[in-house]
Amino acid sequence: MNLFADLRALVVAELTAMTSEGALPPGLDFANVAVEPPRDPAHGDMATNAAMVLAKPAGLAPRAIADALAARLARDPRIKEAAVAGPGFLNLRLSDLVWQKIIHAALTQGADFGRSSLGAGRKVNVEFVSANPTGPMHVGHVRGAVVGDALSNLLAFSGHIVTREYYINDAGAQVDVLARSAYERYREANGLSPEIREGLYPGDYLIPVGEALKARFGDSLLNQPEEVWLMQIREIATELMMAEIRGDLAALGVRMDVYSSEKALYGTGQIESAINSLRDAGLIYEGVLEPPKGKTPEDWEPRIQTLFRSTAHGDDVDRPVMKSDGSWTYFAPDIAYHFDKVNRGFDELIDIFGADHAGYVKRMKAAVSALSGGRVPLDIKLIQLVKLYKNGEPFKMSKRAGTFVTLRDVVEQAGADVTRFMMLTRKNDVALDFDFAKVLEQSKDNPVFYVQYANARINSVLRKAAEAGIDVSDATLAAADLSILTHPAEIDMAQAIAEFPREIEIAARGNEPHRIAFYLYELASEFHGLWNKGNDETTLRFVQDDKATTQAKIALARATGVVISNGLAILGVKPVEEMR
RNA sequence: GGCCCCGUAGCUCAGGGGAUAGAGCGGCCGCCUCCUAAGCGGCAGGUCGAUGGUUCGAAUCCAUCCGGGGUCACCA
């Protein structure tokens, strides 16, 4: 249940009734009518801007509309009081029963509390990670992986059918480099000294690949020209790297539904057919691009290339799809890949890229717009850098020497749950600081700990009650008489719980999983506050002498726990039962 | 130079058409005979980068400008 949606429906229904009774002129658009909690709780539990939004188009004074609406809304049993305030806000105070019902709903719906039908079964493809299969995942990939995974969870929870997808760049020059690097390690495995030339991948992670190649080929590929071994070694090395990456993803708790291969697009006519589709739309032509604005690269020279008229779909310049030597650019298979996604029937595409791909956004959107006839929206989330620290000191990584901070390093030091939560404590387009010391700190400075601590306290109180012989199963708690929960602090807690379904929808609408992390922090804060009020006001403690009272209070705690669990599940974080 | 992101409290950041702009850290003052004080409450701290515009209403939308970062022709 979504209280906010229910109340908005009520307001719209009353406005509609007013229209049919002639109190409002016909044909008004209610789309901008909002029902939200006011920023200042002193104003009430809920407020609507209906009168102010409608005043002008209706040709009526806002207060006149507000007064009439207030009188109607006050007849609803959920509404205790409807008062007009300020320039025409209508503030609603809700009956305690409304909040008690929220607690009941959380207990009966359990893991489904907060679930939304917003997506209405729309099929969404989320492409993320898509790290080149040339080595283990490093820290730069972690954030995108977590955001993509959490976003997928969020969309699934809000009624979308989600496909999580990884695009393997296994066709470009970088996999040839991988193969050559692996060949050197193969020579090394055969007792020769490897020549890790400039431009090859120096990382130790290729040593086992060399050994695997030796096990497979013995010394038969030694002293052979590249033509003999390049293709097979490329294939084997890519496969081994992908196995590595799958393991990395598993360590982070990230699951993919589909792995798509760039290489598989070649030789099947898929690239040609995607480009032809653009050609049929008159968007492919032979031409020469202008030199880039500003500083022109020294070696710039005009070339005739096959170009995609991406400017017809919002891009700044047209983009080459074929090099002057007749081979495809990287963009071409990417167009084909997105064409494939469109053809697989997705209603919406989401790509999660590193911020260094910002320049790629417009052309990709142009391509999808052109390929789908504007039918399929593509949202691209750019993930900003993660800056690593240890005790406030920047953590450097040197790619040159082949020593970088890997995903495994991060997960081993911080743990998957902590890592995931921290990666969601900023919106994606802002850089994020990750301090290995700080994320493991057990204080409210650390949001992961703070949320987990709230959950641990809830479990502690459940254990205490159970030890006292009180039945605290969800079924029993749901059946408890919640009408004694009328203290403002308890109502506040229930209100925070009621926010959850709304927060899910807001986050899902904007593809913004970080909102859930922030929400959970606020929810935890509300709970810690309630907990501490119990120090002064013993009637606010959860465990009371009276069994029925205890069950009602525990129901509130448990409902909070349900929301924490559901929220953490979206982030892909396991709730902690007990702090140690 | 073009494009993208950012600019909100001393610091790190939420909010992103609605009423008196929020949180954490740091500072100051309080709260453990009591379910975990690993916590809570209070005080101090702001021209929401600037200027114009749209609007009943702008931190939020638009334009221009100023800072900071990223990125920029056959690479992937």
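So that the names make sense, note that chain A is the first sequence line, chain B the second, and so on, each numbered from 1.
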- Ring centroid separation for A:F128 and A:Y166, is it under 6.0 angstrom? no

- Task: Could you tell me if the ring centre of A:Y360 sits under 6.0 Å from that of A:F331?
- Result: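 A:Y360 vs A:F331: aromatic centres under 6.0 Å.
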
Under 4.0 Å between a side-chain N/O of [X] and OP1 or OP2 of [N], yes or no?
| X | N | value |
| --- | --- | --- |
| A:S460 | B:U36 | yes |
| A:H357 | B:C75 | no |
| A:R457 | B:A37 | yes |
| A:K444 | B:A37 | no |

If you check every side-chain atom of [X], which of [options] has the closest atom?
| X | options | answer |
| --- | --- | --- |
| A:D536 | B:C35, B:C40, B:C31 | B:C31 |
| A:T329 | B:C75, B:C3, B:G39 | B:C75 |
| A:M579 | B:A76, B:A19, B:U36 | B:U36 |
| A:F89 | B:A19, B:G39, B:C13 | B:A19 |
| A:D40 | B:A73, B:U20, B:A76 | B:U20 |
| A:D433 | B:U36, B:C13, B:C25 | B:C13 |
| A:N535 | B:A19, B:A37, B:A76 | B:A37 |
| A:Y453 | B:A14, B:A37, B:C35 | B:A37 |
| A:N49 | B:A14, B:A19, B:G18 | B:G18 |

Once you apply a heavy-atom cut-off of 4.0 Å, does [X] come out as touching a base, just sugar-phosphate, or nothing?
| X | answer |
| --- | --- |
| A:Y450 | sugar-phosphate |
| A:G172 | sugar-phosphate |
| A:N91 | base |
| A:V430 | sugar-phosphate |
| A:N132 | sugar-phosphate |
| A:E301 | base |
| A:R39 | base |

- Query: Distance under 6.0 Å and angle within 45° of the ring axis: does A:R502 meet both against A:F4?
  - Reply: yes

- Query: Do the numbers put A:R309 on top of the ring of A:Y285, so that NZ or CZ is under 6.0 Å from the six-membered ring centre and no more than 45° off the axis?
  - Reply: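 Geometry flag: set, cation within 6.0 Å and 45°.
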
Can you give me the N/O atom pairs linking the protein to nucleotides 54-57 of chain B at distances under 3.5 Å, or say none if there are none?
from, atom 1, to, atom 2, distance (Å)
B:C56, OP1, A:K56, NZ, 2.2

- Message: Strictly distance-based, threshold 3.5 Å: is any side-chain N or O of A:H141 a donor or acceptor partner for the main-chain N or O of A:M137?
- Response: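 Not at all, since once roles are kept as given, no pair shorter than 3.5 Å links the two residues.
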
- For the pair A:D67 and A:V84, evaluate side chain to side chain contact (heavy atoms under 4.5 Å, CB included) and give the outcome as yes or no after the intermediate values. CA-CA 7 Å; A:D67 284 332; A:V84 182; 3.3 Å; yes

- Starting at atom OH of A:Y330, determine the distance to atom P of B:C75, rounded to an integer number of angstrom. 11 Å

- Sticking with atom P, work out how far B:U36 lies from B:G27, rounded to a whole angstrom.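 About 29 Å, rounded to a whole number of Å.
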
- Message: Any donor-acceptor pair, under 3.5 Å, between the side chain of A:D176 and the base of B:A76, if you only look at N and O atoms?
- Response: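 It does not, because no donor-acceptor pair links the side chain of A:D176 to the base of B:A76 below 3.5 Å.
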
- Would you call the rings of A:F353 and A:H357 parallel, tilted or perpendicular if under 30° counts as parallel and over 60° as perpendicular? tilted

